[in-house]
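Numbers restart at 1 for each chain; the letters A, B, ... are given by sequence-line order, proteins then strands.
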Amino acid sequence: MTNSSQDERTGGAALEAARREKLHKLEAMGIDPWGGRFDSHAPIRAIRARQNEIGVEPGGEGATGKPARPRGPKVRAAGRVVLQRKTGKLIFLDIQDWTGRIQLFLGKKQVGEEGWAVAQCVDLGDLVGVDGELNRTRTGELTIFAERLHFLTKALAPPPAKHKGLQDPELRQRLRYLDLIHGEGVLERFLRRTRIVQSVRQTLGAEGFVEVEGPTLHAVAGGAAARPFTTHHNALDIDLYLRIALELHLKRLLVGGMERVYELGRVYRNEGISPRHNPEFTMLEVYQAYGNYETMMELTERVILEAIRATGQDRKLTWGGKPLDFTPPFERATYDELFARHTGADPADADALGALAMELGLDTQGKHPDVIKNEIFEQKVENRLTGPVFVLDYPASICPLTKRKSGRPEIAERFELFICGMEVANAYTELNDPELQENLFSRQLAGLSEDDSMARMDRDFVRALRHGMPPAGGLGIGIDRLVMLLTDSQTIREVILFPLLRPEADA
RNA sequence: GAGGCUGUAGCUCAGUUGGCAGAGCAACGGACUUUUAAUCCGUAGGUCCUGGGUUCGAGUCCCAGCAGCCUCACCA
């Protein structure tokens, strides 16, 4: 209250001190500044939907001849104060819950002496509840005319700029809670992510797939070409890896008779961070006995189209300002076809590949030709695939877990789905020949270190195959990337609530 | 891991050739019973990311470091 006490304080501390003072005033009035149970309030969206109940009652035209004031329904709301306009003996508050915003009208006369005193203690960012009449102001703004104000929680820290919110991308990620409150469309984006995930589960469930939870601690980090995080179990005194894929355990379940099985969960890869990569991300893997990669292609389309429907979007949407058309069937083209189309070179012509590799400055020393070819593909072709396009039939030598095309052992029955230059899905006709599998595991691909190879020997997995895994199709979908596409997000950090950041130095 | 950009009040941002550290919002005091980013008068608020260096003088120039973003590499 006194200026002298603030002279010693600076910046943010002064802002907090002002809020603390109001907190103490509330306590002095016998009001708990941290609130408590507050029942039977309606979502603001539902309250706004009742605006058609506002009206003049029949026979309301009074004896005075003046038109009767329209009456509105009594409502109860709760939310965060995001805007405040004080005009003498009136206060307008805009409160926000996770369904919307609405204006509150607080009049000194209308809320009474105590209510008015409470209102003086409200800051931006506080949580309040209100009982009042839903009606309109003179200017027509839908408003709850407060009869009673309930103080629910004090915010000691001030909110960011009331309209712009947080702009610094680092702060938006570290202080995601503030980004959710104040960021334009941020809460909606993450709720949409939840709807997409729910839709995926629903689609698979409706087709008879069962969801399971495999181990995240693996003795052998297999199923993908990625470097794992390592950890240690003290009691067993063994090093373990965080899983980099779901694949090998789901296939064991296929052996065990789970004919349609999936897991939707987090995997961890100890690799770089980029607008498309986070060290932990959400992966869906689906396995269907007696299917193949074509079965999986059709399933992929259904899963994605249902997710689009679940988010209330049209099949024709835009991403980053560019049109994107999900009308099925998605384009299907072979790896070699696309290679030729986008490089102008014959993928079977070793000299042409060599020239391309030279042009791109690739290190070809001791590498298998297919590895070089794939590096060219990744650099020259993938980013041009706006898609959605299914890329079919990969070189077998880069696919150690995949069944070969019958009569063409150099081709693997694999597809990847590319959309906007991103790999969104990856699927195989699964290899179920235990001896070939063991052979591929033990054979290091020329030019690839063990870290870079998908082929880490997993003897227990080979043993499982020896008991007979049904022929099957397997599918992986990068959920974060799918969410990026369906929320028009340009970076993966926009769709992960708490992406990995370096810890703050002093925190 | 390499290169580029960014870091100034609680938040959003200016800051000229190197010459007293600025604005809007938020806060505090005052006026106002229908506001809409309310308005009006006044007050306070700074580790200019950190550490060195050049200079009479550094937010500004140089070096190193930290963090974030972008591009590339790795990867999905």
[X] has a side chain; which of [options] sits nearest to it?
{"X": "A:L166", "options": "B:G68, B:A27, B:C11", "value": "B:C11"}
{"X": "A:P160", "options": "B:U12, B:C11, B:A27", "value": "B:C11"}
{"X": "A:R493", "options": "B:A27, B:C70, B:U34", "value": "B:C70"}
{"X": "A:K89", "options": "B:A38, B:U33, B:A73", "value": "B:U33"}
{"X": "A:Q379", "options": "B:U34, B:A73, B:A38", "value": "B:A73"}
{"X": "A:F105", "options": "B:U34, B:A37, B:A67", "value": "B:U34"}
{"X": "A:P275", "options": "B:G68, B:C70, B:A37", "value": "B:C70"}
{"X": "A:L501", "options": "B:G68, B:A73, B:G10", "value": "B:G68"}
{"X": "A:T143", "options": "B:C28, B:U35, B:U34", "value": "B:U35"}
{"X": "A:L15", "options": "B:U33, B:A73, B:G10", "value": "B:G10"}

Base-pairing mate for [N] - Watson-Crick or G-U, with both contacts under 3.5 Å:
{"N": "B:U54", "value": "none"}
{"N": "B:U35", "value": "none"}
{"N": "B:G10", "value": "B:C25"}
{"N": "B:G68", "value": "B:C5"}

ask   = Toward the 5' end of RNA chain B, which comes first, A:A161 or A:R269, by nearest nucleotide?
value = A:A161

query = Does A:K109 or A:L500 map to a spot on RNA chain B nearer the 5' end, using the closest nucleotide for each?
reply = A:K109

What interatomic distance, in whole Å, is found between [atom1] of [M] and the corresponding atom of [N]?
{"N": "B:U60", "M": "B:U17", "atom1": "C1'", "result": "10 Å"}
{"N": "B:C20", "M": "B:U39", "atom1": "P", "result": "32 Å"}
{"N": "B:A26", "M": "B:U12", "atom1": "C1'", "result": "11 Å"}
{"N": "B:G4", "M": "B:A64", "atom1": "P", "result": "11 Å"}
{"N": "B:U16", "M": "B:A21", "atom1": "P", "result": "14 Å"}
{"N": "B:U43", "M": "B:C49", "atom1": "P", "result": "28 Å"}
{"N": "B:A44", "M": "B:A23", "atom1": "C1'", "result": "16 Å"}
{"N": "B:G59", "M": "B:C48", "atom1": "P", "result": "8 Å"}

What contact category does [X] fall into here, base, sugar-phosphate, or nothing, at under 4.0 angstrom with non-hydrogen atoms?
{"X": "A:D168", "value": "sugar-phosphate"}
{"X": "A:Q103", "value": "base"}
{"X": "A:R101", "value": "nothing"}
{"X": "A:G272", "value": "base"}
{"X": "A:N135", "value": "nothing"}
{"X": "A:Q84", "value": "sugar-phosphate"}
{"X": "A:G165", "value": "sugar-phosphate"}
{"X": "A:R19", "value": "nothing"}

A:V286 vs A:I477 side-chain heavy atoms within contact, under 4.5 Å = no

key: Side chains of A:R332 and A:M297 in contact at under 4.5 Å (non-hydrogen atoms)   =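 Yes, their side chains come closer than 4.5 Å.
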
Integer-rounded Å distance: [N] [atom2] and [X] [atom1]:
{"X": "A:H163", "N": "B:U12", "atom1": "NE2", "atom2": "C1'", "answer": "12 Å"}
{"X": "A:I398", "N": "B:A76", "atom1": "CD1", "atom2": "C1'", "answer": "14 Å"}
{"X": "A:Y177", "N": "B:C11", "atom1": "OH", "atom2": "P", "answer": "12 Å"}
{"X": "A:Q490", "N": "B:C69", "atom1": "CD", "atom2": "P", "answer": "16 Å"}
{"X": "A:E423", "N": "B:C74", "atom1": "CD", "atom2": "P", "answer": "14 Å"}
{"X": "A:L284", "N": "B:A76", "atom1": "CG", "atom2": "P", "answer": "16 Å"}
{"X": "A:R85", "N": "B:U35", "atom1": "CZ", "atom2": "C1'", "answer": "5 Å"}
{"X": "A:I492", "N": "B:C69", "atom1": "CD1", "atom2": "P", "answer": "13 Å"}

Ignoring hydrogens and angles, answer whether the base of [N] and the side-chain atoms of [X] contain a donor-acceptor pair closer than 3.5 Å.
{"X": "A:R138", "N": "B:U34", "result": "no"}
{"X": "A:E141", "N": "B:U34", "result": "no"}
{"X": "A:T87", "N": "B:U35", "result": "no"}

ask   = Does the ring of A:Y394 carry A:R414 above it, NZ/CZ under 6.0 angstrom from centre and within 45° of its axis?
value =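 The answer is yes; both the distance and angle limits are met.
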
Answer with yes or no after comparing the ring centroid distance for [X] and [Y] against a 6.0 Å cut-off, counting only values under it.
{"X": "A:F105", "Y": "A:F92", "result": "yes"}
{"X": "A:F377", "Y": "A:Y335", "result": "yes"}
{"X": "A:H218", "Y": "A:H249", "result": "yes"}

ask   = Are A:T429 and A:E413 linked by a side-chain donor-acceptor pair shorter than 3.5 Å?
value = yes

request  = Output yes when at least one side-chain N/O atom of A:R276 is less than 4.0 Å from OP1 or OP2 of B:A76, else no.
outcome  = no

inquiry  = Does B:C25 have OP1 or OP2 under 4.0 Å away from a side-chain N or O of A:K162?
reply    = no

inquiry  = Salt bridge or not between A:E141 and A:R136? Use side-chain N to carboxylate O under 4.0 Å.
reply    =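 Judged by the 4.0 Å cut-off on N to carboxylate O distance, A:E141 and A:R136 do not form a salt bridge.
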
task = Indicate yes or no: does A:R302 engage A:E306 in a salt bridge with an N to O separation below 4.0 Å.
result = no

inquiry  = Centroid distance below 5.5 Å plus an interplanar angle below 30 degrees: do A:F92 and B:A38 meet both conditions?
reply    =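 The ring of A:F92 is not stacked on B:A38.
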
